[in-house]
Amino acid sequence: MGDMPNSYTPDQIIRPEILALSAYHVSPATGMIKLDAMENPYTLPAVLRDEIAQLAAEAPVNRYPDASAASLIATLREALAIPPDMAVLLGNGSDEVIQIIAMAMARPGAVLMSVEPAFVMFRMIATFARIDYVGVPLNSDFSLNLDAMLAAIEKHQPAVIFLAYPNNPTGNLFDAKMISRIIEATPGLVVVDEAYHVFADKSLMGELARHPNLLLMRTLSKVGLAGLRLGLLIGRSEWLVQMEKLRLPYNVGIMTQLIAKAVLRHPDILLQQATAIKTERAEMNRRLSALAGIQVFHSDANFILFRINEANQVFQALKQRGILIKNLNGTHPLLKDCLRVTIGTPDENTQFCTALHAIIDRSA
Ligand SMILES: *Cc1c(COP(=O)(O)O)cnc(C)c1O
């Protein structure tokens with residue numbers, strides 16, 4: 001086939017914008033202290049793991065899972081205090097939810113808008129789904145530039161705006177009143193992505209009733225179940241019934257449904273872990289701020305963004321010492337010399353701080 005004279009090569013038939021993409025990069029982390037991906041560093045207690053083992057052993061894996069995941073949704077409604085009049089759509093991670101929304105809105109000429117820097121998947125998925133992307137720069141302190149947002153909304157009339165609350169990779173919460181202004185000024189949808197909600201003590205869930213064009217996303221990934229891949233979209237059913245049409249059948253597997261339900265029956269476990277992570281976040285902030293030549297940005301998430309001279313070299317030196325964080329230098333002008341570290345266990349955080357201290361001392 002491949003040798004036939006008139007067969008196509010990939011660059012002849014794959015969409016040019018896909019050829020131009022580089023795949024989402026996941027760094028190999030075997031044997032390293034992994035502080036790059038906002039994972040919860042704690043595993044589940046032994047009793048719960050035994051319970052999960054039993055559920056897995058008995059799961060009818062020869063059958064398709066419950067397509068509507070009704071029982072899981074009921075558990076989620078209670079665990080996340082979802083308003084009873086709002087609908088819920090489940091995704092294979094919230095990445096899939098973003099993709100469903102983008103596909104639904106991608107009429108010719110439609111615009112998907114976000115801020116920059118923001119979660120990179122907003123832009124990437126816009127490209128996948130063939131919807132035009134517009135990114136509006138944040139202020140240099142990573143707050144919303146409301147005037148620029150309102151002007152861009154006026155100019156582009158976006159079909160949908162994505163805002164992460166708290167924002168990734170910066171860690172801050174945007175001003176809730178400014179978000180309300182944006183929701184009111186937008187003719188289309190505003191999707192507030194609350195992936196880090198459990199670390200933030202703030203939510204716009206209570207605003208859903210006030211705004212007919214507001215949808216909310218949550219995920220179980222950052223709270224400690226990243227391996228299960230479960231994300232949620234919450235909002236009025238007039239929107240979600242349309243999005244449901246794009247959800248692939250059985251997108252949430254049986255293991256995810258069973259294990260998520262089992263874990264959510266003990267909400268105290270993940271909440272205690274989140275509390276421990278927040279305590280460590282304060283400790284990390286204190287330790288990083290004490291180092292000379294570092295600018296630490298306030299975080300309401302389970303990671304901290306900081307600016308440091310020679311960020312590329314510092315990142316590499318940490319890697320050589322077996323510590324993997326995220327290098328954001330070069331990804332956006334506002335992130336010049338910025339690195340992002342996920343909050344790990346107290347021991348991992350100490351190893352990170354000690355290594356960073358030594359690297360700074362050596363280069364001083
Ligand atoms: C990590 C992250 C997600 C992706 O979450 P999954 O549910 O694991 O796909 C979505 N939004 C933001 C802002 C994130 O940081």
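Counting starts at 1 for both ligands and their atoms, following the listed order.
Contacts classified as salt bridge (charged side-chain N to carboxylate O under 4.0 Å, His left out) and involving residues 124-146 (residues at least two apart or in different chains) are given here: Glu17-Arg130. Pairs of residues two or more places apart, or lying in two chains, that qualify as side-chain hydrogen bond (donor to acceptor under 3.5 Å, both in side chains) and include a residue from residues 314-327 are Asn312-Asn327.
Looking only at distances, a side-chain donor or acceptor of Gln12 sits under 3.5 Å from a matching main-chain atom of Thr9.
Listed by chain and number, the residues in a ring pair (Phe, Tyr, Trp, His ring centres under 6.0 Å) with Phe122 are Phe119, Phe162 (sequence neighbours excluded).
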- Item | Stepwise side chain to side chain contact (heavy atoms under 4.5 Å, CB included) check, Phe199 with Ile277 | CA-CA 8 Å; Phe199 309 105; Ile277 291 166; 3.8 Å; yes
- Query: Under the side-chain hydrogen bond (donor to acceptor under 3.5 Å, both in side chains) criterion, do Gln54 and Asp50 qualify, and how do the steps go?
  - Reply: CA-CA 6 Å; Gln54 195 60 37; Asp50 289 345; over 6 Å; no
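Within 4.0 Å of ligand 1, counting heavy atoms only, the contacting residues are Gly93, Ser94, Asp95, Phe119, Ala164, Asn168, Asp193, Ala195, Tyr196, Thr219, Ser221, Lys222, Arg229.
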